[in-house]
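Just so it is clear: chains get the letters A, B, ... in the order the sequence lines come, proteins before strands, and each one is counted from 1. Below, each value reflects all heavy atoms present in this structure, side chains not excepted, and no hydrogens, waters or symmetry copies.
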Protein chains: 2
Amino acid sequence: MNAADTRHRILMTAMELFWEKGYGSTSIADILSRSQVHSGSLYHFFPGKQDVLVGVLEMYRDGIGEMLLAPNWEGVDDPIDKIFALLAGYRTHLIVTDCTYGCPIGSLALEIHEPDPVVRELMAANFTNWSTAIAGCFDAAADRLPPGSDAKALGEFVLTVMEGAVMQARTYRDIGYFDRNIAVLRDYVTTLLAAAKRDSFA
Amino acid sequence: MNAADTRHRILMTAMELFWEKGYGSTSIADILSRSQVHSGSLYHFFPGKQDVLVGVLEMYRDGIGEMLLAPNWEGVDDPIDKIFALLAGYRTHLIVTDCTYGCPIGSLALEIHEPDPVVRELMAANFTNWSTAIAGCFDAAADRLPPGSDAKALGEFVLTVMEGAVMQARTYRDIGYFDRNIAVLRDYVTTLLAAAKRDSFA
DNA sequence: GTCTATATACTGATAGAC
DNA sequence: GTCTATCAGTATATAGAC
């Protein structure tokens, strides 16, 4: 068991636990027992609990492409389809966890009320990576959207809808709330596409 | 200082603290010191900390009309305007707190990962009251919306957008994220109104 | 109903042998 | 780098006098 292994195992375990129970409700003892690591080892790699959180947020930030986008976009070419394929990925997560687990970054963002600047900026960076990826989809479909459409704002809006939809599905323990929200978003996007088409005939 | 006063002061203080610091980070000691109540008194009224939370959630649930809707809808008659007036109220909260405090229910909903059924259902009831109020606005404007519009789903969607917009503004500490999200929602609602008008001429 | 003192459990973090 | 033992602080909750 080399050093990189131990450090990595700590981070993977912490990632799991923060997702399941949140940051505040996860104790160092929880991380130690599940990862089969002893106190001395953890504090050898990390000065304190918050530094474990920083490590986890960096993993999310650096892994968004491989861990999140690639699996959901496999075999999906149309940029608009990609947007809803990603949202479908979140739906699957909700389903397999009985509407218990949602977006880990969103949960942390609302749980930690006064985050250290380092933590806050990492959460923001995660949001930016996410909404920028969606903005890229809107950019790729720019010729099918009304002229002057703000891809960045639309990317942020899709993130907003995902987070809100997850929040409601979790609170009600009912996937119907997620589905209805995504259906409204779908209606909006359809409307944008139709408006652009209508204008192009005018 | 009569009993009702003490109980009420505990709940008002807890409401403040849960909003500022969250549920987990608020200790009973915090509530006691700020409310100037002693341990024995609090435990006389509430069996435990979670029961204080239940009391707070009941206050939100019972006070949504007087505390939230009435102030934001004063002098606003048009149902569509009411929707955006309520959202403007959340914007004001963000502004006066330097983008620190958002929706108290949303924060609790994402902070508490495994809530007791009582707590979860009270959070859900708060969401339902909110989105039902908005659905009422869409109902009142039904004749200006495309036929067959789902007012309930639209009410839930507006809640979603509010929560997501607040989450991003808080995480970035930047009201611009809130404003852009609401602007996109405004565009969507405008589109709905225009589509209905166009259809009525067809 | 209010107040003080305190029980008990658990928290993040540390010291020092190996 | 790993392991054990443990510290000091704080959490929720309680007991019992008034």
Side-chain angles (χ1 to χ4, degrees), chain A residues 1-58 107-108 111-120 122, chain B residues 1-57 107-108 111-119 122:
Chain A
M1 200 75 73
N2 65 34
D5 254 15
T6 303
R7 198 190 125 93
H8 187 252
R9 202 162 70 255
I10 291 168
L11 286 177
M12 292 300 289
T13 307
M15 184 183 272
E16 274 178 31
L17 284 165
F18 293 163
W19 191 45
E20 290 174 23
K21 315 176 33 168
Y23 175 68
S25 299
T26 298
S27 69
I28 299 279
D30 290 335
I31 301 174
L32 297 178
S33 69
R34 187 182 289 192
S35 64
Q36 297 281 52
V37 165
H38 295 269
S39 169
S41 298
L42 187 146
Y43 282 99
H44 170 73
F45 291 107
F46 303 96
K49 185 182 177 184
Q50 182 182 284
D51 302 275
V52 179
L53 173 61
V54 167
V56 167
L57 289 172
E58 286 171 345
S107 299
L108 290 169
E111 175 191 349
I112 305 174
H113 283 234
E114 286 172 3
D116 251 45
V118 199
V119 171
R120 197 188 57 69
L122 272 168
Chain B
M1 201 76 73
N2 64 33
D5 254 17
T6 304
R7 199 190 123 93
H8 186 252
R9 202 163 70 254
I10 291 168
L11 287 177
M12 292 300 289
T13 307
M15 184 183 271
E16 276 178 28
L17 284 165
F18 293 163
W19 192 46
E20 291 173 22
K21 315 177 31 168
Y23 176 68
S25 300
T26 298
S27 70
I28 300 278
D30 289 335
I31 301 174
L32 297 178
S33 68
R34 186 181 290 192
S35 63
Q36 297 280 50
V37 165
H38 296 268
S39 168
S41 298
L42 187 146
Y43 283 98
H44 170 73
F45 290 108
F46 303 95
K49 185 183 176 184
Q50 182 181 287
D51 303 274
V52 179
L53 173 61
V54 167
V56 166
L57 289 171
S107 299
L108 291 170
E111 176 191 348
I112 305 173
H113 279 57
E114 286 171 3
D116 251 44
V118 200
V119 171
L122 273 167

Give the rounded distance in Å between these two atoms: NZ of B:Lys49 and P of D:dT14. 15 Å
For A:Ile10, run the side chain to side chain contact (heavy atoms under 4.5 Å, CB included) check against A:Val56, A:Asp5, A:Leu42 and tell me which one passes. A:Leu42
Would you mind telling me which of D:dT2, D:dA11, D:dT4 lies closest to the side-chain atoms of A:Phe45? D:dT2
Distance check: side-chain N/O of B:Ser27 vs OP1/OP2 of D:dA11, anything under 4.0 Å? yes
Atom-pair distance (CD1 on A:Ile31; C1' on C:dC10), nearest Å: 15 Å
Close side-chain approach of B:Leu11 to B:Phe46, heavy-atom, < 4.5 Å: yes
Compare side-chain N and O positions of A:His44 against OP1 and OP2 of D:dT2 and report whether any pair is under 4.0 Å apart. no
Which whole-number value in Å describes the distance from B:Ile10 CD1 to D:dA13 C1'? 14 Å
Return the value, rounded to whole Å, for the distance between atom CG of B:Asp51 and atom C1' of D:dT12. 12 Å
Can you name the closest pair of heavy atoms from B:Ile112 and B:Leu53 and give their distance? CD1-CD2, 3.7 Å
Provide, to the nearest angstrom, the distance between the CD1 atom belonging to A:Ile28 and the C1' atom belonging to D:dC7. 16 Å
Check whether any side-chain N or O of A:Tyr43 sits under 4.0 Å from OP1 or OP2 of C:dT14, and answer yes or no. no
Out of D:dT2, D:dT4, C:dC3, minimum distance to the side chain of B:His38 belongs to C:dC3
Whichever of A:Ser39 and A:Ser25 has the more 5' nearest nucleotide on DNA chain C, that residue is A:Ser25
Could you check how far CG of A:Leu32 sits from C1' of D:dT4, rounded to whole Å? 13 Å
Whole-Å distance separating the CD atom of A:Gln36 from the P atom of D:dT2: 14 Å
Separation of C:dG1 atom P from B:Asp5 atom CG, nearest Å, is 12 Å
Answer yes or no: is there a side-chain heavy-atom contact under 4.5 Å between A:Gln50 and A:Tyr23? yes
